Amino acid sequence: MVVVYCTLIINGRRTYESVPDNLKPTVQDELYSMGLDTDGKPLSVDEPVA
């Protein structure tokens with residue numbers, strides 16, 4: 001499900017806020033590992049990765 005939510009966020013079909021609370025940390029980690037923020041946009045150089 002994490003990959004599904006990440007794909008939906010990247011494609012603009014869902015928002016991070018719509019992700020179930022129990023999956024949010026894992027979805028966020030997966031997006032960050034791809035170099036993306038929780039909006040599915042590339043991380044800026046100044047943003048620290050948690």
Side-chain angles (χ1 to χ4, degrees):
M1 287 302 294
V2 170
V3 174
V4 172
Y5 276 109
C6 288
T7 303
L8 291 170
I9 291 169
I10 292 166
N11 290 315
R13 309 277 311 231
R14 292 282 184 269
T15 62
Y16 179 73
E17 291 76 29
S18 70
V19 175
D21 289 337
N22 63 324
L23 294 177
K24 280 185 177 182
T26 311
V27 168
Q28 182 179 16
D29 289 345
E30 186 67 24
L31 288 168
Y32 282 174
S33 75
M34 291 187 272
L36 303 171
D37 63 14
T38 56
D39 293 324
K41 306 295 182 217
L43 289 170
S44 71
V45 177
D46 299 334
E47 268 185 71
V49 176

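The first residue in the sequence is number 1, and the count goes up from there. The structure presented is a predicted model; accordingly, all values stated were derived computationally and were not measured.
- V2 belongs to a hydrophobic cluster whose other members, connected by ILVMFWY side-chain contacts under 4.5 Å either directly or through intermediates, are M1, Y5, I9, I10, Y16, V19, L23, V27, L31, M34, L36.
- Applying the salt bridge (Lys or Arg N to Asp or Glu O under 4.0 Å) rule to pairs touching residues 5-28 yields D21-K24, sequence neighbours excluded.
- Other members of the hydrophobic cluster containing V4, listed by chain and number, are L8; membership follows side-chain contacts under 4.5 Å among ILVMFWY residues, whether direct or relayed.
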